[in-house]
Structure formats: C-alpha cells, structure tokens
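I have placed the structure first, in the form of structure tokens, so that the comments after it can refer back to it.
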Amino acid sequence: MKEVKHFINGEYVGSKSGKQFDNVNPANGQVFGKVHEAGRDEVNAAVAAAREALHGEWGRMSVEKRLSLVKKVAERINERFDEFLEAECLDTGKPASLASHVDIPRGAANFGFFADHVKNFPTESFFTDTPDGAGAVNYGVRKPRGVLAVIAPWNLPLLLMTWKVGPALACGNTVVVKPSEITPTTAALLGEVMNEVGIPKGVYNVVHGFGPDSAGAYLTEHPDVDGITFTGESRTGEVIMRAAAKGVRPVSLELGGKNPSLVFNDADMDAAIDGHLRSIFINCGQVCFNTERVYVQRDIHDEFVARLKAAVEQFRPGAWNDDSCNLGPLVSEEHQQKVLSYFKKAEEAGATVVTGGGVPEMPEELQGGFWVQPTIWTGLKETDAPACEEVFGPCVHIAPFDTEEEAVALANNTRYGLGASVWTRDVSRAHRMGQVLDVGMLWVNSWFLRDLRTSFGGNGASGVGREGGVHGLEFYSELRNVCIKL
Ligand code: NAD
Ligand code: 6OD
C-alpha cells in the first residue's frame with residue numbers, strides 16, 4: 001500500500017491523530033494507498049513553518065537566486081517525469097497520453113514560466129511636482145504577500161496546484177498546499193523535488209485532508225495565512241470567501257463554469273468537430289472550461305450532430321497505461337453518481353440521447369471503475385438541469401440557433417462566465433464575439449490554446465480575480481509605493 005504523508009518544513013510527517021483515508025484507483029475502484037489526514041496540529045505546524053521561512057534564508061535570498069531555484073523545480077520535475085506521470089494517472093485514472101502532454105509538462109512549465117516572467121516585470125514610477133520646486137520621485141516595489149494557502153482540485157492536480165505555487169514562490173511567498181483528498185500524490189511528491197533543488201525548508205508545505213471540518217477549513221480559517229488562492233466549485237468558493245473575510249485576507253478564486261460554444265454556418269466543419277471532441281470530452285469532461293453547451297446554426301445543426309456522434313463513438317475507454325485507449329474514468333464514485341444523475345435528469349426531461357447515456361461495458365479488471373459513456377443530448381429546454389447546471393462530465397447538450405443575436409443571448413444566459421469558444425471563418429464576427437460574450441476567456445477556432453502571459457479567470461460565479469502573466473502578480477505580491485521628496 002502506498003502511503004501519502006504531509007510535507008512540513010522539508011520533512012514527510014504522518015498525522016498525530018493517526019487518522020488516514022483511502023486513495024482509490026478510479027479505473028477499478030480499488031484502494032491502492034492510504035493518505036494521512038491533517039488535524040489542526042499539522043495545519044498549525046505547516047503555517048508556522050511557512051511563516052518562519054519567510055523570515056529566514058528564503059526571505060533574505062536575492063531575487064536572482066530565488067528565481068534560479070524556482071526554475072530548477074521545473075527542470076527536476078521534467079527529470080522525474082515518469083514518476084509524476086504514473087502518480088497523476090493512478091490518482092485520476094486519466095490516460096498517460098493526456099497527462100504526458102498536458103498535466104506533467106505544464107506542471108513543470110508553471111515554475112519555469114513564472115521564474116522568467118517575474119524577473120522581467122516592471123513597476124511604475126512618477127515624478128511629482130512639489131510647491132518648493134524640488135519635486136519628488138514615486139516608484140513601486142513588489143513585495144511577497146506572505147504565507148499563502150493554496151487549495152487545489154482533483155481534475156488537473158499537478159497543473160492547477162503549480163499554476164499557483166509557481167507564481168507564489170517566484171514572488172517570494174511561502175505556501176501551504178491542500179491538494180484534493182482524491183488526488184494527493186503529486187503534491188506530496190513535489191516536496192522531494194523542493195528538497196532536491198535546495199528550496200529552503202518551510203517554503204513549500206503540503207497538508208492532506210478534506211474540506212469542511214478538516215485540513216481545508218483549518219487552513220483557510222487560519223489567522224496566520226495572508227491570502228488564499230483556490231480552484232474548485234463555485235459553492236466552495238463562497239465558503240472560502242467567507243473564511244477569508246475574517247482578518248480581511250485577499251482571495252483569488254477560479255471556480256466553475258457552464259461553458260458555451262457557438263458554431264456558425266461558415267465554420268470549418270472538420271476543425272469544429274475535432275475541436276469539440278477535445279473541448280467536450282478531454283479528461284473525461286473534467287476541465288473547468290470544457291464545453292457543456294453547443295449552439296449550432298440551424299442549417300448545419302444536423303450535420304454537426306451526426307458527425308460529432310460518429311466521432312464520439314470512436315472513443316476507447318481504458319486503463320491509463322493502455323496506449324490503445326484515449327478516455328479515462330471519472331475521478332470518483334461520488335462524481336460518477338453525480339454525472340449519472342444528470343444522465344437520468346436528461347432522460348426525464350425528454351432529451352434525445354444521441355449517443356451514450358449510461359455506463360460502458362468494461363473488461364472484468366476495470367468493472368469496479370467509475371466509467372461513464374461519452375454522451376450527447378439534443379432537445380432539452382435551456383432551463384433543464386443538464387442544459388444549465390455544471391455537470392463536469394463527458395456530456396453536452398446541442399441546440400440550434402438562427403441569428404447571431406440569438407446565439408449570443410443563449411451563450412450569455414448563465415450565472416457563470418468562464419470560457420467560451422466560437423467557430424467561424426468571419427474575422428469581423430470573431431471580433432464582435434470578443435466584445436459581447438460575457439466570459440473571462442474566449443477561444444476562436446480553438447480551445448485550451450494557452451499562452452501563460454495571458455489573463456486566466458472568469459466572471460460572475462466563475463471566480464474572482466485573474467491569474468496568469470502580470471495579472472497573477474496582483475494577488476501573489478503586494479505593491480508598495482515609495483515616495484522620495486527631493
Ligand atoms: P471542490 O470545490 O469540491 O474542491 C476543491 C478543493 O477545495 C479540494 O481540495 C477540497 O478538499 C477543498 N475544499 C472543499 N470544501 C472546502 C472548505 N469548506 N474549505 C476549504 N477547502 C475546501 O472542487 P473539485 O470537485 O475538487 O473540482 C471540481 C470543480 O472545480 C468544478 O466545479 C470545476 O469547474 C472547478 N474548477 C475550476 C477551475 C478554474 O480554473 N476556474 C479549474 C478546475 C476546476
Ligand atoms: O491552463 C491553465 O493555466 C489552467 N489554469 C487551466 C485550468 C483548467 C481547469 O480545469
């Protein structure tokens with residue numbers, strides 16, 4: 001049995017209480033490891049270690065040295081690529097073909113990118129007139145915010161955790177990470193990397209456990225945490241925002257979505273089909289800006305549905321290390337039940353199930369896993385739950401539209417505002433969509449095409465703040481103005 005421990009002050013430690021929970025393989029439902037559950041003692045120790053590290057070698061280190069260490073983290077993850085890959089795939093069930101192209105390389109790149117980016121980030125300066133004529137010079141300096149709590153989800157565990165830890169460390173903060181209870185391993189493994197490259201003790205800490213009445217709540221409620229960066233469900237975001245209000249701590253929240261795509265009748269149909277195969281079904285539908293609502297111009301609607309159905313029926317679900325497979329299971333039994341409950345609601349609402357709608361037949365050794373069929377519905381009302389609530393599974397509702405105005409109104413009719421994609425050859429229309437779609441991120445003729453210099457985040461119930469590029473520095477550093485009277 002694999003055992004996953006906390007990483008506190010540069011050392012792996014178990015829970016004083018002895019409490020542990022199961023790590024379950026989503027592909028077969030079997031327990032393959034035990035994870036220590038942090039109580040207040042471990043959370044207090046991790047926060048204290050992070051506080052002390054701020055004032056120790058890390059706090060005194062030159063920016064150049066600090067950034068060179070952060071860069072080495074990226075290099076070391078890549079040197080230990082296969083270990084990270086196996087750990088991530090066992091925790092999540094996702095195919096190695098996906099994790100080796102997305103999760104692990106991006107998990108490493110998040111350190112390399114922010115190490116370079118922070119080095120080159122300028123601050124402002126102003127010359128100010130004064131009555132005596134001598135004037136004053138104002139200039140900004142960016143300082144670390146302090147001890148940051150990083151609360152991460154299970155869908156892209158290493159990528160989404162390092163997306164926060166990378167800029168946090170590059171800016172000179174220290175962190176206490178609480179990975180999802182479902183996918184704890186890569187966050188723990190990263191502790192070894194931190195030690196190997198010489199990141200001082202206490203800069204990177206990990207505590208394991210659940211949310212309410214467990215490590216997540218103890219950490220976010222901890223008075224010595226200076227800020228909380230969270231990715232997860234919108235409902236959890238509300239709870240975390242309340243916890244942050246005590247002590248007036250800042251938050252960065254990357255939350256849920258019900259992301260639309262608009263397919264216009266001038267779109268490149270081949271590209272649109274390929275794009276939707278990814279945007280709906282990649283990672284078994286468990287990506288925050290996955291497309292869950294597709295609106296297709298009426299004259300190409302039936303062709304689009306038929307072609308997508310034919311392509312979807314080619315997916316091959318299977319084990320993470322089976323190269324002939326390209327679709328994993330859902331991450332947990334609880335999540336499988338949630339997704340299946342939407343399959344049921346869709347049928348009850350009278351949807352046409354174009355394909356899928358159930359659990360696939362799997363070979364005997366995988367029958368205990370959390371599998372669901374990739375699913376397409378048509379014919380739902382916009383107010384039916386599967387058409388308007390985030391499902392976070394490999395399923396989509398497709399509906400026709402007639403005019404551009406109607407398509408925009410349908411896309412914007414949601415409390416979320418994370419991502420959207422538009423498929424058209426009309427450049428002017430593409431720019432118009434950039435103005436009117438109420439989302440944080442719009443992709444035209446693409447999806448999940450990432451440039452880490454760009455802003456990342458959502459509107460409305462999809463989040464608070466932006467990470468990425470210079471935007472993340474608003475959260476990961478404090479801007480100080482220095483005014484010098486000449
Ligand atoms: P979740 O909100 O259930 O859990 C996320 C993390 O929060 C976990 O580590 C969990 O233990 C912790 N947590 C739960 N309750 C808590 C509490 N009361 N206090 C402190 N911590 C608590 O989300 P999930 O199920 O892990 O992830 C799926 C959700 O995340 C989906 O809604 C998805 O859209 C969203 N998501 C958003 C983005 C984005 O960038 N916007 C990215 C990935 C996932
Ligand atoms: O690509 C990224 O930087 C990022 N944060 C992706 C988020 C995916 C959500 O599931």
Side-chain angles (χ1 to χ4, degrees), residues 21 35 37-38 43 92 102-103 105-107 109-110 113-114 149-164 166-167 177-184 187 206-222 225 228-244 251-259 279 282-283 285-290 292 330-332 334-335 338 389-393 416-419 439-441 443 447-469 471-472:
F21 56 93
V35 188
E37 182 180 354
V43 172
T92 59
V102 178
D103 300 63
R106 260 301 301 284
N110 287 338
F113 170 78
F114 284 106
V150 175
I151 311 281
W154 44 256
N155 62 323
L156 299 161
L158 183 71
L159 188 161
L160 290 178
M161 185 263 292
T162 57
W163 172 242
K164 295 171 181 305
V177 175
K178 211 294 283 168
S180 168
E181 54 276 27
I182 301 172
T183 54
V206 182
V207 290
H208 300 288
F210 302 86
D213 300 317
S214 183
Y218 303 152
L219 179 58
T220 51
E221 290 163 7
H222 200 294
V225 162
I228 304 167
T229 174
F230 168 76
T231 298
E233 278 196 35
S234 299
R235 256 184 326 212
T236 316
E238 287 178 9
V239 177
I240 285 181
M241 218 169 170
R242 269 198 294 276
V251 289
S252 175
L253 303 179
E254 298 187 334
L255 308 177
K258 185 73 183 174
N259 310 299
S279 78
I282 194 175
N283 207 32
Q286 303 165 119
V287 176
C288 57
F289 40 71
N290 257 47
E292 291 201 3
L330 292 170
V331 79
S332 67
E334 186 185 346
H335 193 50
K338 175 181 163 185
E389 295 174 10
E390 183 186 51
V391 182
F392 219 54
Y416 294 110
L418 189 57
V439 290
M441 295 166 291
W443 283 280
W447 176 84
F448 206 165
L449 178 56
R450 294 281 289 118
D451 181 327
L452 304 191
R453 294 170 298 185
T454 61
S455 65
F456 183 97
N459 306 337
S462 291
V464 174
R466 293 290 183 273
E467 300 199 351
H471 312 285

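Just so you know, residue 1 is the first one in the sequence shown, and it goes up from there. In listed order, ligands and their atoms are each counted from 1.
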Ligand 1 atoms in contact with K178 (distance to a heavy atom under 4.0 Å): 8 (C), 9 (O), 10 (C), 11 (O)

Side chain, backbone, both or neither: which applies to Q286 and ligand 1 if a contact is any heavy-atom pair less than 4.0 Å apart? neither

Minimum-distance protein heavy atom relative to atom 2 (C) of ligand 2: R450 NE, 3.1 Å

Do N259 and E292 touch side chain to side chain, with heavy atoms closer than 4.5 Å? no

May I ask you to decide if the ring planes of F448 and W443 are parallel, tilted or perpendicular, using 30° and 60° as cut-offs? tilted

For atom 4 (O) of ligand 1, is there a protein heavy atom at a distance under 4.0 Å? no

Whether F21 and F210 hold their rings parallel, tilted or perpendicular, with breakpoints at 30° and 60°: tilted

For the CG atom on D451, are there more than 12 heavy atoms of other groups (residues, nucleotides or ligands in this structure) within a distance under 6.0 Å? yes

Would you mind telling me if ligand 1 is within reach of the side chain of A243, the backbone, both or neither, using heavy atoms under 4.0 Å? neither

Check the surroundings of atom CZ in R235: do more than 12 heavy atoms from other residues, nucleotides or ligands lie under 6.0 Å from it? no

Min N/O separation E254 to ligand 2 under 3.5 Å: no

Which atoms of ligand 1 are found less than 4.0 Å from any heavy atom of I151? 6 (C), 7 (O), 9 (O), 12 (C), 21 (N)

Give the atoms of ligand 1, by number and element, whose distance to some non-hydrogen atom of T231 is under 4.0 Å. 5 (C), 36 (N), 37 (C), 38 (C), 39 (C), 40 (O), 42 (C), 43 (C), 44 (C)

Among protein heavy atoms, which lies nearest atom 7 (C) of ligand 2, and at what distance? L160 CD2, 3.4 Å

Pick from G458, P157, S332, C288: the one approaching atom 38 (C) of ligand 1 most closely through a non-hydrogen atom: C288

Distance to 0.1 Å, residue and atom name: give those for the protein heavy atom nearest to atom 21 (N) of ligand 1. G216 CA, 3.6 Å

Around atom 8 (C) of ligand 2, find the nearest protein heavy atom and jot down its residue, atom name and distance. C288 SG, 3.3 Å

So, do F230 and K164 sit near enough that their side-chain heavy atoms are less than 4.5 Å apart? no

Give the numbers and elements of all ligand 1 atoms closer than 4.0 Å to a heavy atom of G256. 32 (O), 34 (O)

Give the atom numbers and elements of ligand 1 that come within less than 4.0 Å of a heavy atom of V239. 18 (N)

Among M161, E334, E254, closest by any non-hydrogen atom to atom 40 (O) of ligand 1: E254

Under 4.0 Å between heavy atoms, the region of N155 that gets near ligand 1 turns out to be side chain

Per-atom filter on ligand 1: closer than 4.0 angstrom to a heavy atom of P179 are 9 (O)

All heavy atoms of A461 vs all of L255, minimum pair found to be O-CB, 3.5 Å

Given F456, F230, F392, F210, which has its nearest heavy atom closest to atom 7 (O) of ligand 1? F230

Which of the listed options, L253, L160, V287, L418, holds the heavy atom that is closest to atom 43 (C) of ligand 1? L160

So which heavy atom in the protein is nearest atom 8 (C) of ligand 1, and how far is it from that ligand atom? A152 O, 3.3 Å

Would R106 and L156 satisfy side chain to side chain contact (heavy atoms under 4.5 Å, CB included), going step by step from the backbone distance to the final call? CA-CA 10 Å; R106 260 301 301 284; L156 299 161; over 6 Å; no

